[in-house]
J.: 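Below you will find the structure I want to go over with you.
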Amino acid sequence: MKTQSVRGTRDFYPNDMALRNWLFERWRAASRRAGFVEVDGPVLEPLDLYIEKSGPEIAEQLYWLEDKGGRRLALRPEFTPTLARMIAARQAALPTPIRWFNISRCFRYERAQKGRLREFYQWNVDLIGLDEFYADAECISVAVDAIQDMGLTPDDVEVRISDRRLLGALVHKYVGVAEKLIPRVFAILDKRDKVATDTLAAMLNDAGLKNEERQRLERILAFENLSDFDSIGVVREPADTLKHLFDLLADYGIADWCRFDIGVVRGLAYYTGPVWEVYDRKSEFRAIFGGGRYDRLLADVGGRPMPACGFACGDAVLGLLLKARGLGPAAQRAAQYFVASAQEGKRSDVLLVVRHLRRRNRATQFDLKGGSLKRQMKKAADAGAQFVAIVTAEFAESRRVTLRDMDSGEQRDVALEELGA
RNA sequence: GUGAGCGUAGCUCAGUUGGUUAGAGCACCUGGUUGUGGUCCAGGGGGUCGGGGGUUCAAAUCCCCUCGCUCACCCCA
(Lines give C-alpha, C1' and ligand atoms only; values in the text may rest on other atoms or scores of the structure.)
Protein backbone atom coordinates (compact mmCIF):
# COMPACT_ATOMS: atom_id res chain seq x y z
CA MET A 1 0.00 0.00 0.00
CA LYS A 2 1.34 3.36 -1.04
CA THR A 3 0.79 5.95 1.63
CA GLN A 4 1.22 9.65 1.63
CA SER A 5 0.43 12.36 4.09
CA VAL A 6 -3.01 13.93 4.13
CA ARG A 7 -3.33 17.11 2.11
CA GLY A 8 -2.42 20.22 4.04
CA THR A 9 -0.56 18.34 6.77
CA ARG A 10 3.17 18.20 7.35
CA ASP A 11 5.72 15.61 8.38
CA PHE A 12 8.24 17.01 10.80
CA TYR A 13 11.65 15.52 10.03
CA PRO A 14 14.43 16.35 12.50
CA ASN A 15 15.21 19.75 11.00
CA ASP A 16 11.53 20.69 10.78
CA MET A 17 10.99 19.57 14.34
CA ALA A 18 13.98 21.61 15.46
CA LEU A 19 12.47 24.71 13.89
CA ARG A 20 9.09 24.00 15.45
CA ASN A 21 10.62 23.55 18.90
CA TRP A 22 12.74 26.65 18.46
CA LEU A 23 9.62 28.62 17.60
CA PHE A 24 7.64 27.20 20.52
CA GLU A 25 10.47 28.00 22.93
CA ARG A 26 10.39 31.63 21.85
CA TRP A 27 6.63 31.81 22.07
CA ARG A 28 6.68 30.35 25.57
CA ALA A 29 9.59 32.50 26.72
CA ALA A 30 7.99 35.75 25.55
CA SER A 31 4.69 34.80 27.17
CA ARG A 32 6.33 33.94 30.48
CA ARG A 33 8.52 37.03 30.50
CA ALA A 34 5.28 39.03 30.56
CA GLY A 35 3.76 36.92 33.29
CA PHE A 36 1.38 34.82 31.23
CA VAL A 37 0.71 31.19 32.17
CA GLU A 38 0.07 28.32 29.80
CA VAL A 39 -3.27 26.56 29.42
CA ASP A 40 -4.71 24.08 26.99
CA GLY A 41 -8.00 22.42 26.17
CA PRO A 42 -9.24 19.55 24.03
CA VAL A 43 -8.59 19.29 20.33
CA LEU A 44 -12.18 18.07 20.03
CA GLU A 45 -14.97 20.49 20.80
CA PRO A 46 -18.72 20.49 20.16
CA LEU A 47 -19.35 21.68 16.61
CA ASP A 48 -21.96 24.07 17.99
CA LEU A 49 -19.28 26.04 19.82
CA TYR A 50 -18.10 27.33 16.44
CA ILE A 51 -21.47 27.50 14.75
CA GLU A 52 -22.80 29.76 17.46
CA LYS A 53 -19.93 32.15 17.08
CA SER A 54 -19.57 32.18 13.31
CA GLY A 55 -22.75 30.79 11.76
CA PRO A 56 -23.62 27.44 10.17
CA GLU A 57 -21.44 28.10 7.08
CA ILE A 58 -18.42 27.56 9.30
CA ALA A 59 -19.07 23.82 9.29
CA GLU A 60 -17.88 23.80 5.66
CA GLN A 61 -14.54 25.12 6.76
CA LEU A 62 -13.70 22.79 9.57
CA TYR A 63 -13.17 19.12 10.19
CA TRP A 64 -16.08 17.61 12.02
CA LEU A 65 -17.43 14.16 12.74
CA GLU A 66 -20.25 12.43 14.49
CA ASP A 67 -19.13 10.26 17.39
CA LYS A 68 -20.68 6.92 18.34
CA GLY A 69 -23.16 8.69 20.58
CA GLY A 70 -24.35 10.87 17.70
CA ARG A 71 -22.66 14.01 19.00
CA ARG A 72 -21.31 16.40 16.40
CA LEU A 73 -17.70 17.20 17.23
CA ALA A 74 -15.17 19.43 15.51
CA LEU A 75 -11.40 19.48 15.47
CA ARG A 76 -10.71 22.94 16.82
CA PRO A 77 -10.03 25.52 14.11
CA GLU A 78 -8.81 28.03 16.67
CA PHE A 79 -8.38 28.29 20.40
CA THR A 80 -10.35 31.38 21.38
CA PRO A 81 -13.78 29.69 21.80
CA THR A 82 -12.20 27.04 24.01
CA LEU A 83 -10.57 29.77 26.05
CA ALA A 84 -13.86 31.63 26.40
CA ARG A 85 -15.59 28.42 27.45
CA MET A 86 -12.92 27.64 30.04
CA ILE A 87 -13.12 31.11 31.49
CA ALA A 88 -16.92 31.17 31.53
CA ALA A 89 -16.93 27.86 33.45
CA ARG A 90 -14.77 29.24 36.29
CA GLN A 91 -15.41 32.92 35.91
CA ALA A 92 -16.29 33.60 39.53
CA ALA A 93 -13.18 31.88 40.85
CA LEU A 94 -10.59 33.39 38.53
CA PRO A 95 -8.80 36.51 39.76
CA THR A 96 -8.64 39.19 37.09
CA PRO A 97 -6.93 40.15 34.97
CA ILE A 98 -6.49 36.69 33.51
CA ARG A 99 -3.22 36.33 31.61
CA TRP A 100 -3.20 33.08 29.68
CA PHE A 101 -1.31 31.80 26.71
CA ASN A 102 -1.63 28.65 24.69
CA ILE A 103 0.03 26.79 21.86
CA SER A 104 -2.55 24.69 20.08
CA ARG A 105 -2.64 22.33 17.16
CA CYS A 106 -5.55 23.48 15.00
CA PHE A 107 -7.33 22.20 11.91
CA ARG A 108 -9.19 23.99 9.15
CA TYR A 109 -10.77 22.38 6.14
CA GLU A 110 -9.59 24.82 3.50
CA ARG A 111 -7.57 24.65 0.32
CA ALA A 112 -3.93 24.79 1.31
CA GLN A 113 -1.89 27.71 0.04
CA LYS A 114 1.40 29.36 0.74
CA GLY A 115 1.41 29.92 4.49
CA ARG A 116 -1.97 28.29 4.93
CA LEU A 117 -2.36 24.64 5.85
CA ARG A 118 -5.07 22.33 7.08
CA GLU A 119 -3.15 21.40 10.19
CA PHE A 120 -1.06 24.02 11.92
CA TYR A 121 0.02 25.40 15.28
CA GLN A 122 -1.14 28.63 16.74
CA TRP A 123 0.16 30.70 19.60
CA ASN A 124 -2.57 32.54 21.51
CA VAL A 125 -2.04 35.22 24.12
CA ASP A 126 -5.08 36.63 25.87
CA LEU A 127 -5.50 39.23 28.56
CA ILE A 128 -8.98 39.18 30.02
CA GLY A 129 -10.67 41.50 32.48
CA LEU A 130 -9.05 44.84 31.57
CA ASP A 131 -11.02 47.31 29.52
CA GLU A 132 -8.26 49.87 29.12
CA PHE A 133 -5.88 50.14 26.21
CA TYR A 134 -3.11 49.13 28.63
CA ALA A 135 -4.06 45.55 27.97
CA ASP A 136 -3.87 46.00 24.20
CA ALA A 137 -0.41 47.54 24.50
CA GLU A 138 0.70 44.71 26.77
CA CYS A 139 -0.37 42.13 24.20
CA ILE A 140 1.34 43.95 21.35
CA SER A 141 4.52 44.17 23.41
CA VAL A 142 4.49 40.40 23.97
CA ALA A 143 4.19 39.84 20.23
CA VAL A 144 7.04 42.22 19.50
CA ASP A 145 9.17 40.62 22.21
CA ALA A 146 8.81 37.23 20.56
CA ILE A 147 9.50 38.59 17.09
CA GLN A 148 12.60 40.34 18.35
CA ASP A 149 13.80 37.22 20.11
CA MET A 150 13.64 35.38 16.79
CA GLY A 151 16.12 37.81 15.28
CA LEU A 152 13.64 39.84 13.25
CA THR A 153 13.99 43.62 13.22
CA PRO A 154 11.73 46.61 12.51
CA ASP A 155 13.19 46.48 9.00
CA ASP A 156 11.65 43.04 8.53
CA VAL A 157 8.21 43.42 10.09
CA GLU A 158 5.79 46.01 11.39
CA VAL A 159 2.71 46.06 13.57
CA ARG A 160 -0.14 47.78 11.76
CA ILE A 161 -2.65 49.15 14.22
CA SER A 162 -6.11 50.61 13.90
CA ASP A 163 -9.28 50.75 15.95
CA ARG A 164 -12.73 49.53 15.07
CA ARG A 165 -14.37 52.32 17.07
CA LEU A 166 -12.41 54.98 15.21
CA LEU A 167 -13.22 53.48 11.85
CA GLY A 168 -16.85 52.95 12.87
CA ALA A 169 -17.21 56.58 13.97
CA LEU A 170 -15.60 57.78 10.76
CA VAL A 171 -17.77 55.69 8.51
CA HIS A 172 -20.98 56.38 10.39
CA LYS A 173 -20.71 59.88 11.78
CA TYR A 174 -18.32 61.53 9.35
CA VAL A 175 -18.95 59.77 6.05
CA GLY A 176 -22.61 59.31 6.88
CA VAL A 177 -23.04 55.61 6.23
CA ALA A 178 -26.07 54.05 7.94
CA GLU A 179 -25.16 52.03 11.02
CA LYS A 180 -26.49 48.78 9.63
CA LEU A 181 -24.25 49.15 6.57
CA ILE A 182 -21.07 49.43 8.64
CA PRO A 183 -20.23 45.70 8.68
CA ARG A 184 -20.57 45.55 4.90
CA VAL A 185 -18.37 48.60 4.43
CA PHE A 186 -15.80 47.10 6.82
CA ALA A 187 -15.77 43.91 4.77
CA ILE A 188 -15.12 45.93 1.62
CA LEU A 189 -12.40 47.99 3.28
CA ASP A 190 -10.69 44.82 4.42
CA LYS A 191 -10.04 44.07 0.74
CA ARG A 192 -8.58 47.50 0.10
CA ASP A 193 -5.06 46.24 -0.58
CA LYS A 194 -6.21 43.42 -2.79
CA VAL A 195 -8.38 45.15 -5.35
CA ALA A 196 -7.88 48.07 -7.70
CA THR A 197 -9.10 51.54 -6.69
CA ASP A 198 -11.93 51.61 -9.20
CA THR A 199 -13.06 48.11 -8.21
CA LEU A 200 -13.21 49.27 -4.62
CA ALA A 201 -15.23 52.29 -5.66
CA ALA A 202 -17.63 50.04 -7.56
CA MET A 203 -18.04 47.76 -4.54
CA LEU A 204 -18.79 50.73 -2.31
CA ASN A 205 -21.20 52.02 -4.89
CA ASP A 206 -22.98 48.65 -4.93
CA ALA A 207 -23.19 48.77 -1.16
CA GLY A 208 -25.29 51.91 -1.55
CA LEU A 209 -22.78 54.70 -0.87
CA LYS A 210 -23.41 57.97 -2.64
CA ASN A 211 -20.64 59.68 -4.62
CA GLU A 212 -19.97 62.29 -1.96
CA GLU A 213 -19.89 59.63 0.75
CA ARG A 214 -17.39 57.63 -1.24
CA GLN A 215 -15.22 60.68 -1.73
CA ARG A 216 -15.20 61.43 1.97
CA LEU A 217 -14.33 57.82 2.66
CA GLU A 218 -11.50 57.83 0.15
CA ARG A 219 -10.16 61.01 1.68
CA ILE A 220 -9.89 59.55 5.16
CA LEU A 221 -8.48 56.28 3.88
CA ALA A 222 -5.50 58.26 2.64
CA PHE A 223 -4.75 59.43 6.20
CA GLU A 224 -1.43 58.12 7.39
CA ASN A 225 -1.13 59.85 10.76
CA LEU A 226 -3.49 60.00 13.65
CA SER A 227 -3.11 63.79 13.77
CA ASP A 228 -4.81 63.91 10.37
CA PHE A 229 -8.06 63.32 12.25
CA ASP A 230 -7.69 66.40 14.46
CA SER A 231 -9.92 68.43 12.18
CA ILE A 232 -12.74 65.90 12.37
CA GLY A 233 -14.56 66.64 15.59
CA VAL A 234 -16.87 63.63 15.67
CA VAL A 235 -13.98 61.16 16.00
CA ARG A 236 -12.06 63.07 18.63
CA GLU A 237 -12.62 60.53 21.37
CA PRO A 238 -11.64 57.28 19.59
CA ALA A 239 -8.73 59.06 17.90
CA ASP A 240 -7.46 60.29 21.27
CA THR A 241 -7.74 56.80 22.74
CA LEU A 242 -5.67 55.39 19.90
CA LYS A 243 -3.12 58.15 20.42
CA HIS A 244 -2.83 57.10 24.06
CA LEU A 245 -2.22 53.54 22.89
CA PHE A 246 0.62 54.73 20.64
CA ASP A 247 2.07 56.82 23.49
CA LEU A 248 2.06 53.72 25.62
CA LEU A 249 3.75 51.66 22.91
CA ALA A 250 6.44 54.32 22.80
CA ASP A 251 6.89 53.94 26.56
CA TYR A 252 7.32 50.21 26.00
CA GLY A 253 10.16 51.16 23.64
CA ILE A 254 8.59 49.55 20.61
CA ALA A 255 7.35 52.62 18.72
CA ASP A 256 9.58 51.88 15.73
CA TRP A 257 7.83 48.54 15.25
CA CYS A 258 4.36 50.06 15.18
CA ARG A 259 2.47 52.11 12.64
CA PHE A 260 -1.04 53.47 12.44
CA ASP A 261 -2.82 51.92 9.45
CA ILE A 262 -6.44 52.77 8.95
CA GLY A 263 -6.69 49.87 6.49
CA VAL A 264 -6.43 47.23 9.24
CA VAL A 265 -9.99 46.09 9.74
CA ARG A 266 -9.82 42.32 10.29
CA GLY A 267 -12.49 40.25 8.64
CA LEU A 268 -13.94 38.97 11.84
CA ALA A 269 -17.04 40.65 13.19
CA TYR A 270 -16.30 40.19 16.88
CA TYR A 271 -13.60 42.82 17.29
CA THR A 272 -14.79 45.82 19.24
CA GLY A 273 -11.77 48.10 19.72
CA PRO A 274 -8.12 48.23 18.70
CA VAL A 275 -7.22 45.76 15.97
CA TRP A 276 -3.74 45.01 14.72
CA GLU A 277 -1.77 42.76 12.43
CA VAL A 278 1.90 42.00 12.00
CA TYR A 279 3.15 41.88 8.42
CA ASP A 280 6.53 41.60 6.81
CA ARG A 281 7.41 45.05 5.50
CA LYS A 282 7.47 43.93 1.90
CA SER A 283 4.02 42.35 2.25
CA GLU A 284 5.48 39.25 0.65
CA PHE A 285 3.52 36.99 2.97
CA ARG A 286 0.10 37.01 4.54
CA ALA A 287 -0.40 38.34 8.06
CA ILE A 288 1.87 36.81 10.71
CA PHE A 289 -0.10 37.93 13.75
CA GLY A 290 -3.65 39.09 14.13
CA GLY A 291 -5.17 40.47 17.26
CA GLY A 292 -7.44 42.94 18.88
CA ARG A 293 -10.06 43.63 21.45
CA TYR A 294 -13.16 41.45 21.67
CA ASP A 295 -15.16 42.66 24.64
CA ARG A 296 -18.37 40.77 23.83
CA LEU A 297 -17.06 37.25 23.38
CA LEU A 298 -17.43 36.09 27.00
CA ALA A 299 -21.07 37.08 27.02
CA ASP A 300 -21.54 35.38 23.66
CA VAL A 301 -20.52 32.00 25.08
CA GLY A 302 -22.84 32.41 28.02
CA GLY A 303 -20.53 34.02 30.53
CA ARG A 304 -20.72 37.29 32.37
CA PRO A 305 -19.56 40.13 30.09
CA MET A 306 -15.84 40.69 30.48
CA PRO A 307 -13.49 42.84 28.46
CA ALA A 308 -10.80 40.91 26.62
CA CYS A 309 -8.05 41.29 24.10
CA GLY A 310 -5.42 39.07 22.63
CA PHE A 311 -3.78 37.77 19.51
CA ALA A 312 -2.98 34.65 17.58
CA CYS A 313 0.10 33.76 15.57
CA GLY A 314 0.37 30.74 13.32
CA ASP A 315 3.54 28.78 12.72
CA ALA A 316 3.25 28.50 8.94
CA VAL A 317 3.74 32.08 7.76
CA LEU A 318 6.27 32.74 10.48
CA GLY A 319 8.25 29.71 9.34
CA LEU A 320 8.30 31.02 5.76
CA LEU A 321 9.45 34.45 6.86
CA LEU A 322 12.19 33.08 9.11
CA LYS A 323 13.44 30.90 6.30
CA ALA A 324 13.45 33.84 3.88
CA ARG A 325 15.51 35.87 6.36
CA GLY A 326 17.90 33.03 7.16
CA LEU A 327 16.80 32.86 10.78
CA GLY A 328 16.08 29.85 12.94
CA PRO A 329 17.87 27.28 15.04
CA ALA A 330 21.49 26.34 14.52
CA ALA A 331 22.14 22.93 13.02
CA GLN A 332 21.15 20.21 15.41
CA ARG A 333 23.68 17.99 17.10
CA ALA A 334 22.30 14.55 17.89
CA ALA A 335 25.18 13.94 20.28
CA GLN A 336 27.74 16.03 22.06
CA TYR A 337 29.98 13.07 22.82
CA PHE A 338 30.69 9.94 20.84
CA VAL A 339 32.49 7.02 22.40
CA ALA A 340 34.58 4.97 19.98
CA SER A 341 36.53 1.81 20.52
CA ALA A 342 39.97 1.14 19.13
CA GLN A 343 39.50 -2.55 19.75
CA GLU A 344 36.82 -3.98 17.55
CA GLY A 345 34.18 -6.02 19.25
CA LYS A 346 35.01 -5.01 22.82
CA ARG A 347 32.01 -3.10 24.01
CA SER A 348 32.07 -3.35 27.78
CA ASP A 349 34.64 -0.56 28.22
CA VAL A 350 32.79 1.57 25.70
CA LEU A 351 29.55 1.14 27.60
CA LEU A 352 31.26 1.99 30.86
CA VAL A 353 32.36 5.32 29.39
CA VAL A 354 28.95 5.86 27.78
CA ARG A 355 27.15 5.34 31.07
CA HIS A 356 29.55 7.70 32.79
CA LEU A 357 28.86 10.47 30.26
CA ARG A 358 25.12 9.93 30.22
CA ARG A 359 25.01 10.08 34.02
CA ARG A 360 26.70 13.46 33.66
CA ASN A 361 23.85 14.49 31.40
CA ARG A 362 25.92 14.57 28.23
CA ALA A 363 24.18 13.56 25.00
CA THR A 364 26.25 10.53 24.13
CA GLN A 365 26.22 8.07 21.26
CA PHE A 366 28.35 5.13 20.30
CA ASP A 367 28.39 2.86 17.30
CA LEU A 368 25.96 0.10 18.13
CA LYS A 369 27.42 -2.10 15.42
CA GLY A 370 31.04 -1.55 16.39
CA GLY A 371 33.26 -1.82 13.34
CA SER A 372 36.45 -0.08 12.35
CA LEU A 373 37.60 3.08 14.10
CA LYS A 374 37.30 4.82 10.76
CA ARG A 375 33.66 3.87 10.55
CA GLN A 376 33.07 4.99 14.11
CA MET A 377 34.71 8.36 13.45
CA LYS A 378 32.42 8.86 10.50
CA LYS A 379 29.36 8.02 12.59
CA ALA A 380 30.59 10.50 15.20
CA ALA A 381 30.87 13.22 12.57
CA ASP A 382 27.41 12.35 11.21
CA ALA A 383 25.94 12.69 14.69
CA GLY A 384 27.51 16.13 14.95
CA ALA A 385 29.55 15.11 17.97
CA GLN A 386 31.78 17.78 19.41
CA PHE A 387 34.06 15.28 21.13
CA VAL A 388 35.00 11.69 20.51
CA ALA A 389 36.26 9.64 23.43
CA ILE A 390 38.43 6.84 22.05
CA VAL A 391 38.70 3.83 24.32
CA THR A 392 41.96 1.95 23.80
CA ALA A 393 43.32 -1.36 25.11
CA GLU A 394 45.08 0.52 27.92
CA PHE A 395 41.80 1.75 29.33
CA ALA A 396 41.35 -1.24 31.62
CA GLU A 397 44.63 -0.34 33.28
CA SER A 398 44.81 3.46 33.07
CA ARG A 399 41.12 4.45 33.23
CA ARG A 400 41.98 7.15 30.69
CA VAL A 401 40.57 7.80 27.24
CA THR A 402 41.83 9.74 24.24
CA LEU A 403 39.56 12.75 23.80
CA ARG A 404 39.42 14.21 20.32
CA ASP A 405 38.00 17.66 19.68
CA MET A 406 36.24 17.22 16.36
CA ASP A 407 36.45 20.88 15.37
CA SER A 408 40.15 21.42 15.99
CA GLY A 409 41.30 17.83 15.58
CA GLU A 410 43.34 18.09 18.78
CA GLN A 411 43.60 15.01 20.98
CA ARG A 412 44.62 14.56 24.59
CA ASP A 413 44.43 11.94 27.29
CA VAL A 414 41.70 12.45 29.86
CA ALA A 415 40.96 10.53 33.05
CA LEU A 416 37.48 9.03 33.17
CA GLU A 417 36.52 11.10 36.25
CA GLU A 418 37.26 14.33 34.37
CA LEU A 419 35.39 13.31 31.25
CA GLY A 420 32.21 15.30 30.71
CA ALA A 421 32.78 17.42 33.82
C1' G B 1 -16.32 26.10 -5.42
C1' U B 2 -13.22 28.83 -9.73
C1' G B 3 -8.66 29.45 -12.56
C1' A B 4 -3.44 28.58 -13.83
C1' G B 5 1.07 25.80 -13.58
C1' C B 6 3.75 21.38 -12.49
C1' G B 7 4.62 15.66 -11.62
C1' U B 8 11.87 12.33 -14.47
C1' A B 9 16.83 8.88 -8.69
C1' G B 10 16.02 10.02 -1.44
C1' C B 11 16.45 15.81 -2.65
C1' U B 12 17.10 19.93 -6.49
C1' C B 13 16.66 19.58 -11.47
C1' A B 14 18.51 18.77 -17.09
C1' G B 15 16.63 15.92 -21.06
C1' U B 16 17.14 19.89 -28.09
C1' U B 17 11.72 19.54 -33.74
C1' G B 18 9.47 11.89 -30.82
C1' G B 19 15.08 8.16 -32.36
C1' U B 20 19.76 3.17 -29.39
C1' U B 21 21.08 0.45 -22.74
C1' A B 22 17.33 8.02 -19.33
C1' G B 23 21.51 12.04 -17.17
C1' A B 24 23.95 15.82 -13.57
C1' G B 25 24.74 17.91 -8.68
C1' C B 26 23.85 16.81 -3.65
C1' A B 27 22.76 12.61 -0.41
C1' C B 28 23.82 7.27 0.36
C1' C B 29 27.33 2.74 0.23
C1' U B 30 32.48 0.72 -0.69
C1' G B 31 37.66 1.44 -1.30
C1' G B 32 42.32 4.69 -1.23
C1' U B 33 47.15 -1.39 2.40
C1' U B 34 46.08 -3.39 10.06
C1' G B 35 43.20 1.86 15.05
C1' U B 36 41.04 8.58 13.40
C1' G B 37 35.66 11.98 10.65
C1' G B 38 34.65 16.55 7.73
C1' U B 39 38.52 17.84 2.08
C1' C B 40 40.24 15.15 -2.21
C1' C B 41 40.42 10.76 -5.68
C1' A B 42 38.25 6.13 -7.59
C1' G B 43 34.20 2.90 -7.79
C1' G B 44 29.03 1.44 -6.68
C1' G B 45 23.70 0.89 -5.56
C1' G B 46 19.23 3.36 -6.71
C1' G B 47 14.35 5.36 -11.74
C1' U B 48 8.11 0.41 -15.12
C1' C B 49 10.03 9.41 -16.42
C1' G B 50 2.77 9.91 -11.04
C1' G B 51 -1.02 6.04 -13.02
C1' G B 52 -4.12 4.27 -17.22
C1' G B 53 -5.34 4.45 -22.34
C1' G B 54 -4.25 6.17 -27.39
C1' U B 55 -1.22 7.85 -31.93
C1' U B 56 3.54 5.86 -34.07
C1' C B 57 8.26 1.41 -36.81
C1' A B 58 9.64 4.16 -32.24
C1' A B 59 6.91 8.16 -26.54
C1' A B 60 9.94 11.04 -20.63
C1' U B 61 8.76 13.94 -25.20
C1' C B 62 2.37 14.24 -28.97
C1' C B 63 -3.23 13.43 -27.61
C1' C B 64 -7.17 11.88 -23.99
C1' C B 65 -8.56 10.39 -19.06
C1' U B 66 -7.20 10.04 -14.01
C1' C B 67 -4.57 10.83 -9.41
C1' G B 68 -1.34 14.02 -6.83
C1' C B 69 1.27 18.61 -5.78
C1' U B 70 1.84 23.99 -6.06
C1' C B 71 0.09 28.97 -6.67
C1' A B 72 -3.83 32.50 -7.03
C1' C B 73 -9.18 33.71 -6.42
C1' C B 74 -13.43 32.74 -2.82
C1' C B 75 -12.87 32.55 2.50
C1' C B 76 -9.62 33.76 6.26
C1' A B 77 -11.40 32.69 12.98
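Chain letters run A, B, ... following the sequence lines, proteins first, then strands; residues in each count from 1.
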J.: When you measure from the side-chain N and O atoms of A/Q61 to the phosphate of B/C75, is any distance below 4.0 Å, counting only OP1 and OP2?
T.: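 So the side chain of A/Q61 is outside the cut-off, no N or O lying under 4.0 Å from OP1 or OP2 of B/C75.
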J.: How far, in whole Å, is B/A22 from B/A27 if one measures between their P atoms?
T.: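 Here B/A27 and B/A22 have their P atoms 26 Å from each other.
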J.: Given B/C71, B/U2, B/U36, which nucleotide is nearest the side-chain atoms of A/Q411?
T.: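 When the side chain of A/Q411 is considered, B/U36 is the closest of B/C71, B/U2, B/U36.
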J.: For B/C29 and B/G46, measure between their C1' atoms and round to the nearest Å.
T.: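 Their C1' atoms lie roughly 11 Å apart.
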J.: Students often get this wrong, so: under 4.0 angstrom with heavy atoms, is A/G409 touching a base, only sugar-phosphate, or nothing?
T.: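 Base contact - A/G409 has a heavy atom under 4.0 Å of at least one base atom.
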J.: Please give the nucleotide sitting opposite B/U33 as a Watson-Crick or G-U wobble pair, both distances under 3.5 Å, or none.
T.: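 Partner of B/U33: none.
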J.: Which of the following nucleotides, B/A72, B/C75, B/G37, is nearest to the side chain of A/M406?
T.: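 Ranking B/A72, B/C75, B/G37 by closest atom to the A/M406 side chain puts B/G37 first.
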J.: So what does A/T392 hit on the nucleic acid, given a heavy-atom distance under 4.0 Å: a base, only sugar-phosphate, or nothing?
T.: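 Contact class for A/T392: base.
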J.: Write down the distance between CD (A/Q343) and P (B/U36), rounded to a whole number of angstrom.
T.: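 It works out to 15 Å between those atoms.
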J.: B/U70 pairs with which nucleotide, Watson-Crick or G-U wobble, both distances below 3.5 Å?
T.: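 Checking every strand shown, B/U70 finds its partner in B/A4, with both distances under 3.5 Å.
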J.: Using atom C1' of each nucleotide, how far apart are B/A24 and B/A9 to the nearest Å?
T.: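 After rounding to an integer number of Å, I get 11 Å for this pair.
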J.: Could you please spell out the steps behind the salt bridge (Lys or Arg N to Asp or Glu O under 4.0 Å) verdict for A/E38 and A/R32?
T.: CA-CA 8 Å; A/E38 188 166 6; A/R32 288 181 180 141; 3.5 Å; yes
J.: Using 4.0 Å as the upper bound for N to carboxylate O, is an ion pair formed by A/R296 and A/D300?
T.: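 Judged by the 4.0 Å cut-off on N to carboxylate O distance, A/D300 and A/R296 do not form a salt bridge.
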J.: Nearest-nucleotide wise, let me know which of A/K379 and A/E410 is further upstream toward the 5' end of RNA chain B.
T.: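 Closer to the 5' end of RNA chain B: A/K379.
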J.: Among side-chain atoms of A/Y294 and A/D126, is any donor-acceptor pair under 3.5 angstrom?
T.: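 Looking only at side-chain atoms, A/D126 and A/Y294 do form a donor-acceptor pair, the distance falling under 3.5 Å.
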J.: Using atom CZ of A/R116 as one end and atom P of B/C74 as the other, report the distance to the nearest whole Å.
T.: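 Rounded to whole Å, this separation is 10 Å.
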J.: Indicate whether any N or O donor in one side chain lies under 3.5 Å from an N or O acceptor in the other, for A/Y174 and A/R219.
T.: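 Judged by distance alone, the side chains do pair up.
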J.: Is the shortest side-chain N/O distance from A/Q113 to OP1 or OP2 of B/C75 below 4.0 Å?
T.: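 Result: no.
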J.: Considering only atom C1', compute the distance from B/G10 to B/G45 and round it to an integer number of Å.
T.: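 Rounded to whole Å, the distance is 13 Å.
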J.: Want to settle it: does A/R7 or A/E110 sit nearer the 5' end of RNA chain B, counting the closest nucleotide to each?
T.: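 Result: A/R7.
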J.: Is any side-chain N or O of A/R108 under 3.5 Å from a base N or O of B/C75, one able to act as donor and the other as acceptor?
T.: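 Between B/C75 and A/R108, which were checked side chain against base, a qualifying N/O pair under 3.5 Å is absent.
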J.: Roughly how far apart, to the nearest Å, are B/C69 and B/C11 at atom P?
T.: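 Taking atom P in both B/C69 and B/C11, they lie 15 Å apart.
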J.: So that I can tick it off, tell me whether A/R28 and A/D149 are bridged by a salt bridge, with the cut-off set at under 4.0 angstrom between side-chain N and carboxylate O.
T.: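 The answer is no: the pair does not qualify as a salt bridge.
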J.: Indicate whether OP1 or OP2 belonging to B/G37 is found under 4.0 Å from a side-chain N or O atom of A/R404.
T.: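 So the side-chain polar atoms of A/R404 never come under 4.0 Å of the phosphate oxygens OP1 or OP2 of B/G37.
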J.: Can you tell me the distance, in whole Å, between the CZ atom of A/R375 and the P atom of B/G35?
T.: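 From A/R375 CZ to B/G35 P: 19 Å.
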J.: Where the side chain of A/R164 meets the backbone of A/R293, is there a donor-acceptor pair that is under 3.5 Å apart?
T.: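 No, because the side chain of A/R164 does not come within donor-acceptor range (under 3.5 Å) of the backbone of A/R293.
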J.: Where does B/G35 land, syn or anti, once you apply the within-90°-of-0 test for syn?
T.: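 Judged by the O4'-C1' to base torsion, B/G35 sits in syn, the angle falling within 90° of 0.
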J.: May I ask you to check whether A/F101 and A/W27 place their ring centres under 6.0 Å from each other?
T.: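 Aromatic pair excluded; centres sit 6.0 Å or further apart.
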J.: Between B/G1, B/U36, B/A77, which nucleotide has the shortest distance from any of its atoms to the side chain of A/I58?
T.: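 The nucleotide sitting nearest to the side chain is B/A77.
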J.: Could you check which nucleotide pairs with B/A58 in any of the strands shown, counting Watson-Crick or G-U wobble with both distances under 3.5 Å?
T.: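 Partner of B/A58: none.
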J.: For nucleotides B/C6 and B/C65, find the distance between their P atoms and express it as a whole number of Å.
T.: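 One P to the other, the span is 16 Å.
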J.: State the pairing partner of B/U21; accept Watson-Crick or G-U wobble contacts with both distances under 3.5 Å, and report none otherwise.
T.: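 Across all strands, not a single nucleotide pairs with B/U21.
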J.: Under 4.0 Å between a side-chain N/O of A/K374 and OP1 or OP2 of B/G31, yes or no?
T.: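 Result: no.
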J.: Who is the Watson-Crick or G-U wobble partner of B/C28, with both distances under 3.5 Å?
T.: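 Answer to the pairing question: B/G44, which forms a Watson-Crick or G-U pair with B/C28.
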J.: In Watson-Crick or G-U wobble terms, both distances under 3.5 Å, what is the partner of B/A14?
T.: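 When the pairing criteria are applied, nothing turns out to pair with B/A14, so the answer is none.
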J.: How far, in whole Å, is B/G38 from B/U30 if one measures between their P atoms?
T.: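 Taking atom P in both B/U30 and B/G38, they lie 12 Å apart.
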J.: Mind checking the P distance from B/G19 to B/A60? Whole angstroms is fine.
T.: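 Rounded to whole Å, the distance is 9 Å.
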